[in-house]
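First up is the structure itself, then whatever we jot down about it.
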Protein chains: 2
Amino acid sequence: MGSIRGSIGGMRMSQGVEWALHCCLDLAWAEGAAVPGTRLAELHELPPAYLTKQLQALTKAGIVRSTPGPRGGYRLTRDPAEVTVLEVVTAVEGGDELFRCTDLLGQGPLQAGPRAARGTCAIHLTMSRAEHAWRRELAGTTIADLSGTVAATTPDAPGRVREWLTSR
Amino acid sequence: MGSIRGSIGGMRMSQGVEWALHCCLDLAWAEGAAVPGTRLAELHELPPAYLTKQLQALTKAGIVRSTPGPRGGYRLTRDPAEVTVLEVVTAVEGGDELFRCTDLLGQGPLQAGPRAARGTCAIHLTMSRAEHAWRRELAGTTIADLSGTVAATTPDAPGRVREWLTSR
DNA sequence: GGCTTGATACTCGGATAAATAGTGTCCGAGTCCTAGCGG
DNA sequence: CCGCTAGGACTCGGACACTATTTATCCGAGTATCAAGCC
């Protein structure tokens, strides 16, 4: 009862981000081999058509490259160490800011001055700072880093995934 | 054209957060005087009934205190210096994490080990770290800080708002 | 004149609809591989 | 036996429904104020 249950859900990140991140990891382990979206979907037990949609976003962002037809699929365009988590998040979620300032100070009966003209309001400033810190953290981690972390706890995982993905 | 236009909107923060923050600022300037939600709404030209809903969330979180009846309204329960931006955001948006890990590694044909049992996966870890940085920034700023920033650029704003709010 | 008492107006609070974004699915366009046919 | 050609199967990409969340609104419950009547 002490919780906020009754009122508002809360902003959460799109499911697609998690999927895209995992797929990037898988593709890194595939080491250049083309992997169809269908294969990735059944590896994680996800809806294939919808996962394709997320991979499409990665394609538009230039993170992966797709090739149609038999033996086709998705491949990373760059080295895993050159792809940051932020890039993936931005590709799927879009680049707009979390907080959108509607310039409340500039409107209303008081018209607290045309502050929009000379800079951002205090609230917007604080939010931007926080968001920047968030992005900085995300930009500091690459797909290769994630792979390393996983390998540290489960050394055989990459190999097993690679084998399963490339198996006929 | 280079943008992500076609695919996905992007996660953005609820409008209510901005409204709630501005209202906290207004209440701080009101200096303990009770201000009805209706008054706050017309100050910012916002839908009154919906703004009330946000203030309701602040009430449940214990940030403001409401009194019904004539001469009633909302008041801050604490000193503006003791209310952080994070508290307001959490009150309105809810406390759950932005990134929700669905434990993709633990499912699927490979079953990469019951990692859920021994800790969080690499992706979840990175996301949590970034989110923590975000929260830390938000927790480092108080309503009083915001007030100070505004006063630095527009010294007469607090007084004007106070007078307008407390005028019959 | 002071006090009781009733009505009134104003406030918040939760329950109820409309709009928007996220989720999920389907079918068509394009490409490569494969198998058959002819030389 | 080798090259050409037609078919087929597999892939992605964008267009089309469905569900959940956000946004917005309304009406009822409660309370302090105010005014009138009574002592």
Side-chain angles (χ1 to χ4, degrees), chain A residues 1 4-20 23 27 33-42 44-61 64-75 92-94 96 98-100 102 165 168, chain B residues 1 4-20 23 27 33-42 44-61 64-75 92-94 96 98-100 102 165 168:
Chain A
M1 191 186 287
I4 314 92
R5 199 62 58 236
S7 17
I8 293 185
M11 83 168 158
R12 56 185 197 296
M13 186 172 277
S14 167
Q15 195 89 4
V17 171
E18 184 179 15
W19 301 358
C23 286
L27 291 176
V35 181
T38 311
R39 184 63 58 106
L40 290 168
E42 58 181 327
H44 298 296
E45 291 179 346
L46 298 174
Y50 191 33
L51 178 60
T52 297
K53 198 177 182 63
Q54 314 301 339
L55 293 169
Q56 204 170 324
L58 292 180
T59 305
K60 284 184 180 173
V64 305
R65 194 66 184 164
S66 69
T67 54
R71 305 274 301 170
Y74 293 96
R75 282 185 293 266
V92 175
E93 282 289 338
D96 13 329
L98 283 70
F99 181 84
R100 173 185 41 174
T102 50
L165 285 176
R168 183 103 297 276
Chain B
M1 192 186 291
I4 314 89
R5 198 63 59 239
S7 16
I8 293 183
M11 82 168 159
R12 56 187 198 297
M13 186 173 277
S14 167
Q15 193 91 5
V17 171
E18 183 180 15
W19 300 358
C23 286
L27 291 177
V35 181
T38 312
R39 184 63 58 105
L40 290 168
E42 59 182 324
H44 298 296
E45 291 179 346
L46 298 174
Y50 190 33
L51 178 62
T52 296
K53 197 175 184 63
Q54 314 300 340
L55 294 170
Q56 204 169 323
L58 292 180
T59 304
K60 284 185 180 174
V64 304
R65 194 66 185 165
S66 68
T67 56
R71 303 276 300 171
Y74 293 96
R75 281 185 294 265
V92 176
E93 282 289 339
D96 13 327
L98 284 70
F99 181 84
R100 172 185 41 176
T102 50
L165 285 176
R168 185 100 297 276

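All chains are named by letter (A, B, ...) in the order of the sequence lines, taking the proteins before the strands, and each is independently numbered beginning at 1. Everything numeric here is computed off the predicted structure, so don't read it as measured data.
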Whole angstroms only, please: what is the [atom1]-[atom2] distance between [X] and [N]?
X	N	atom1	atom2	answer
A/Leu40	D/dT11	CG	P	11 Å
A/Arg75	D/dC12	CZ	C1'	13 Å
B/Met11	C/dG22	CE	P	11 Å
B/Gln54	D/dT23	CD	C1'	9 Å
A/Asp96	C/dA21	CG	P	11 Å
B/Gln15	D/dA24	CD	P	7 Å
A/Leu46	C/dG24	CG	P	9 Å
A/Leu51	D/dG13	CG	P	12 Å

Taking only nitrogen or oxygen atoms into account, show me every contact under 3.5 Å that the protein makes with nucleotides 13-20 of chain C, one pair per line with its distance.
unit_1	atom_1	unit_2	atom_2	d
C/dG13	OP1	B/Ser66	OG	2.7
C/dG13	OP2	B/Tyr74	OH	3.2
C/dG14	OP2	B/Gln56	NE2	2.0
C/dG14	N7	B/Gln56	OE1	3.4

Check: A/Arg12 and B/Leu98 side chains under 4.5 Å, non-hydrogen atoms: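 Side-chain contact under 4.5 Å: no.
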Who pairs with [X] by side chain to side chain contact (heavy atoms under 4.5 Å, CB included), at least two apart in sequence or on another chain?
X	answer
A/Arg65	A/Thr77
B/Gln15	A/Arg100, A/Thr102, B/Glu18, B/Trp19
A/Thr52	A/Tyr74

Distance (rounded to the nearest 0.5 Å) between A/Cys23 SG and A/His44 NE2: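 Here the interatomic distance stands at 5.0 Å.
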CG-OG1 distance between A/Leu51 and A/Thr38, expressed to the nearest 0.5 angstrom: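 Here the rounded value is 9.0 Å.
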Side-chain donor or acceptor of A/Glu93 paired with backbone N/O of B/Met11 under 3.5 Å: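 Yes.
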Atom of A/Ala34, atom of A/Arg71 and distance for their closest heavy-atom approach: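 Minimum heavy-atom contact is CB-O, 3.9 Å.
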Closest contact, heavy atoms only, B/Leu55 versus B/Gly37: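 Result for this residue pair: CD1-CA, 4.0 Å.
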Short side-chain N/O contact to D/dT23 OP1/OP2 from B/Tyr50, under 4.0 Å: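 So the side-chain polar atoms of B/Tyr50 do come within 4.0 Å of the phosphate oxygens OP1 or OP2 of D/dT23, strictly under.
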B/Thr67 side-chain N/O to C/dC12 phosphate OP1/OP2 under 4.0 Å: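 B/Thr67 to C/dC12 OP1/OP2: no side-chain N or O under 4.0 Å.
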Closest-nucleotide ordering on DNA chain C, the 5'-leading residue of A/Gly16 and B/Gly73: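 That would be B/Gly73.
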Contact letters for nucleotides 29-36 of chain C, in which S counts primed atoms plus P, OP1 and OP2 and B counts the base, heavy atoms under 4.0 Å: -BBB----
